[in-house]
Amino acid sequence: MNEKLVVENLSKVFGTNEVLHGIGFTVREGEFLSVLGPSGCGKTTLLRMLIGLEQPTDGKIYKDGRDITNSAPFERGMGIVFQNYALFENMTVLGNVEYALRKNPAFKEKARETAEHLIEQVGLAEHKEKRPGKLSGGQQQRVAIARTLALNPDIILFDEPMSALDVDTRLSLRGELKNIQKKFGSTMIYITHDQEEAFAMSDRIMVLNEGKVQQLDTPRGIIDHPANDYVERFVIHNIQLKIDSLIQFARTKV
Ligand SMILES: Nc1ncnc2c1ncn2[C@@H]1O[C@H](COP(=O)(O)OP(=O)(O)O)[C@@H](O)[C@H]1O
Ligand SMILES: [Mg+2]
């Protein structure tokens, strides 16, 4: 598989707070890579540097072999989906998805057509004339995903996109995201603090803690060969606890 994104020795210091220390990893073309770590470990900072909203203190980022460390966000061919949807409330669903397309000369001509198509792809055709506030959280997040897909990014970044959603919605959106990835062939980098989510969705998981990569491997590889005590205690142990409580729950049912 091709190397889509290569990150070398990436560091970020805010004042005296060194948030990320020499992070290095590679993302393959078409891969679904999760970045799994506790709150405050630097996940959002990493994502913001990848997309160009934050300048690294040190290190390099290459996409398709090209050094993009200092490129502007719009030159990077990446899209991002946030936890809080960030939709325009004064526009319809269709308007939200069309908006960025209309502003871009390369997409302007077919803005309506493309937006309609994407809204259909995420299963919201019947809601396209509604305002975002009239939709459920899961539907709003699907609008945000359609809007991100609109500019045809080859890498899509997700910053804890399911955090605000209830369990059922999370489960159905998981499946949908994987379908979208297959359909569009996008490379996805998915930030989460939820072990179960990372293990259910990812080709590979990068475990991040205290600003350092603890392990980068397939879910199977992590379970079979945890790299250190942190991975063992906070990743695998937590999953085991969830499984145990599910079994316990099932036993209480007749
Ligand atoms: N713009 C900023 N200025 C100063 N400190 C920041 C800034 N952004 C993030 N931080 C700090 O960096 C650390 C990591 O934050 P963040 O990347 O948001 O972690 P996560 O997304 O894993 O919860 C935190 O200690 C946070 O306070
Ligand atoms: Mg964050």
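Just follow the structure's listing: the first ligand is 1, and inside any ligand the first atom is 1.
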**Report entry** atom 4 (C) of ligand 1 within contact range, any protein heavy atom under 4.0 Å
**Finding:** yes
Report task. Around atom 18 (O) of ligand 1, find the nearest protein heavy atom and jot down its residue, atom name and distance. Result -> Thr44 CB, 3.7 Å
**Report entry** Proximal atoms of ligand 1 relative to Asn17 (non-hydrogen, under 4.0 Å)
**Finding:** 25 (O)
Query raised in the report: When only distance counts, is Phe14 in polar contact with ligand 1, meaning an N/O pair under 3.5 Å?
Result: no
Report task. Pick, from Val19, Thr45, Val13, the option with the minimum heavy-atom distance to atom 17 (O) of ligand 1. Result -> Thr45
**Report entry** Check: Leu10 main-chain N/O paired with His21 side-chain donor or acceptor under 3.5 Å
**Finding:** no
Query raised in the report: Does the shortest distance from the Mg ion (ligand 2) to an N/O/S atom of Thr44 fall below 2.8 Å?
Result: yes
Requested in this report: Give a yes or no on whether a salt bridge exists between Glu196 and Lys242, defined as a side-chain N under 4.0 angstrom from a carboxylate O.
Outcome: yes
Query raised in the report: Can Gly211 be said to touch ligand 1, with heavy atoms closer than 4.0 Å?
Result: no
**Report entry** Gap separating the CG atom of Leu47 from the CD atom of Glu54, nearest 0.5 angstrom
**Finding:** 11.5 Å
**Report entry** Donor-acceptor pair, side chain of Gln181 and main chain of Gly30, under 3.5 angstrom
**Finding:** yes
Query raised in the report: Is any side-chain N of the basic residue among Arg76 and Asp154 closer than 4.0 Å to the acidic one's carboxylate O?
Result: no
Query - Note: Arg131-Glu89 ion pair, threshold 4.0 Å (strictly below) - result: no
Query raised in the report: Non-hydrogen atoms of Gly42 versus ligand 1: any pair closer than 4.0 Å?
Result: yes
Requested in this report: Examine Glu54 against ligand 1 and note whether any of their N/O atoms are separated by less than 3.5 Å.
Outcome: no
Query raised in the report: Can a salt bridge be assigned to the pair Arg220 and Asp224 using a cut-off of 4.0 Å between side-chain N and carboxylate O?
Result: yes
Report task. Compare Glu18, Lys43, Lys12 and give the one whose heavy atom is closest to atom 22 (O) of ligand 1. Result -> Lys43
Report task. Have a look at ligand 1 and work out which part of Leu46, if any, has a heavy atom under 4.0 Å from it: side chain, backbone, both or neither. Result -> neither
Query raised in the report: Are Arg204 and Asp217 ion-paired here, with the side-chain N under 4.0 Å from a carboxylate O?
Result: no
Query raised in the report: Is Glu3 paired with Arg28 through a side-chain N to carboxylate O contact shorter than 4.0 Å?
Result: no
Requested in this report: Give the atoms of ligand 1, by number and element, whose distance to some non-hydrogen atom of Pro38 is under 4.0 Å.
Outcome: 22 (O)
Query raised in the report: Can you find a protein heavy atom under 4.0 Å from atom 27 (O) of ligand 1?
Result: no
Requested in this report: Write out the residue and atom name of the closest protein heavy atom to atom 20 (P) of ligand 1, then the distance separating them to 0.1 Å.
Outcome: Gly40 N, 3.4 Å
